[in-house]
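Just follow the structure's listing: the first ligand is 1, and inside any ligand the first atom is 1.
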Amino acid sequence: MKSIEHVPTICPYCGCGCGIYLVVKDGNVVGMEPWKDHPVCEGKNCQKGRNAHAFSYSEQRLQRPLIKQNGVFEEASWEHALGLIAEKLQGVDAEAVGFINSAKCTNEDLYVIQKFVRVVKKTNNMDNASRFCHSTTVPALISTVGSGVMTTSTTSIEQADCIFVVGTNLQETYPIIARRVIRAKRKGAKVIVVDPRRTITAKNLADLYLQVYPAADNALVNGMMRIIIDEGLEDKNFIDKKTSGFDDLKDYLTTLDLSEIERTTDISIDAIKETALTYAKAENACILYNAGIAQHGAGIENIRALADLALLTGNYGKPGTGVNPLRGHANGEGFGDMGPLPVFYPGFQKVNEETAKRFEDIWGVKGLPSTPGMTYMDMVENCKVLYIVGANPMLAAPDTNSVRKALQDKDFLVVQDIFMTETAKLADIVLPTATFMEKDGTITGVDRRVQRMNKAVEPAGDTRPDWVIFCELAKMMGYEEQFSFSSPAEIFEEIRTCVPQYKGITYERLRNPHGIQWPCPTEDHPGTEVMFVEKFPTADGLGHFQIADYKPPLELPDEEYPYVFTNGRVVFHFHTGTMTRRTKRLNDELPHGFAEISRADARELAIEEGDEIMLKSRRGEIKTFAKVTDDIRKGLIFMPWHFSECAPNVLTGPSAGPPSKMPEFKFCAVRIEKV
Ligand code: SF4
């Protein structure tokens, strides 16, 4: 009888980066066990983490390459499928091809993918669904504090005495970070939750809960700053020594009418004042935010206002402070670090001639692209040939009906995934990939913590890791030398040479179960738990106040579409549901979508709990079931976005345009009809 083995690895779902042990028996993962001394989770995991091994054994796993012939998929050999892809890629101009990838991939996968796109196809046309999460975060935080990363660590959240939670239902979406907030609260921290829905986070964690009008967060934060200055509670010493632009911000804030802010936010001046004073009087105040404020046309303004608030009160550079974007995917931070993006080479090195030259020397090639590539939706709309890895734009991108048409119109579409997703069904070729349990690699979680994922079992059927597939393709297309990697460890050694933040991190050092938080400049550096201690990573080392004027949403409710529609996640499912809906335990908990509607709206529309209803926007319509509740504002409808049969993005629409090109996922106008 073979013995049971416990393989330590990292949960493949959210950016918390919890450790888990995979229990391996006879070459199969038969369960998971908690990793008690893991620094992030301390042996606790949410329902997704506790069932993380199950989707790999779904009967629906893709096992072999598939080629569509006369509208029907037929199994093919890897050689044949990759040969066809190589031929198509060779025959298309660089500006007509695009690559969409995923933060579900490891750092090594993503590094190889971006290198392939740049070296082999000489284009920067590549992007990922993080465009839809934090494309507002990066410009907002770079313009204020020089970097778009989480500045504290998940563990040091416990050291905050005030935690401001905005635009995230923390207890459902980052349960293990919510644990740290609960611990801080037990030590006396005050927790402020701002959300148009009275979520479980608001109910369980909040000392102060503000049921703000949707998309009015920026106005609320501006009002708080005005009050902090009126009360003389700004941190004058910090402002003098570490910031610029304060006088302009102060002049702007003094022009604001607090009564108008009260109307815009639907929060009383007294409540705004109590919130402002609670935040400003804390020794260490920490802001946690996510898509609820980032996925707006005015997402950049929302986040700039948060950075201003932290600068105003000196809340940077200490444990339990800062403005902390929570990344959705397990490798949400690593995704940015590896540079499979239209505007950054690895290590957030800006796309320009100087950077392209530097990478030409590192990679030993000529002609690397030096101008920005297309972003996600531009590629969906404009590229003739599209190669999608691990992403599902049919659920994740706005205005699903337009996306379907654009994908159907492609000359050639390749999808590389573990399941036949809604997007894969539209492909010409589908390539099956290995899951997190079937490959080695690293991922970088929300607090810049680089950790090892360890292979526990062999890849299912004829599946392969993403990096292996791209190396094979590159070799077929004449780039043997640049893609001769034999292992993820070898890829990581190359990553260290061109991503300065990772220079001191090695595979050997990552045996340490704590991982290492970048920046880590040398092999004897312990990593960096808290950022911006001495100065900000801006040209002058200062934090820059930016005026963030309130901008209303792009599409407001009117007579025809009188309700505001928004969406989010629930604890049992993850993003487009590709993995969690194929995990029986999770799908049994919540097998279908629903729409939350306020009791007052339901009464007016004669809708009762469980009734089938139709939601219609200017772009499409979906049917779902009503969930009548007192926890949502009147006039607001909420749906989870994990369910393909009632996908909220059929309804969502316009993009904010440059520089973030963030679609307004969290706010559009709808009407409701009882079916
Ligand atoms: Fe996995 Fe996130 Fe749950 Fe932790 S909190 S177990 S990383 S899904």
Suppose the criterion is side-chain hydrogen bond (donor to acceptor under 3.5 Å, both in side chains): which pairs have a residue in residues 44-59, not counting sequence neighbours? S56-T435
With no hydrogens and no angle check, just 3.5 Å: does a side-chain donor-acceptor pair link D447 and T154? yes
Closer than 2.8 Å to atom 2 (Fe) of ligand 1 - protein N, O or S atoms, ordered by chain and residue number: C14 SG
Do any pairs count as a salt bridge (Lys or Arg N to Asp or Glu O under 4.0 Å) and have a residue in residues 11-22, sequence neighbours left out, and if so which ones? none
Tell me, please, whether F55 has R582 positioned over its six-membered ring: NZ or CZ under 6.0 Å from the ring centre and within 45 degrees of its axis? no
With R183 via salt bridge (Lys or Arg N to Asp or Glu O under 4.0 Å) - residues at least two apart: E42, E158
Consider only side-chain N and O atoms of T423 and N392, and report whether a donor and an acceptor are under 3.5 Å apart. yes
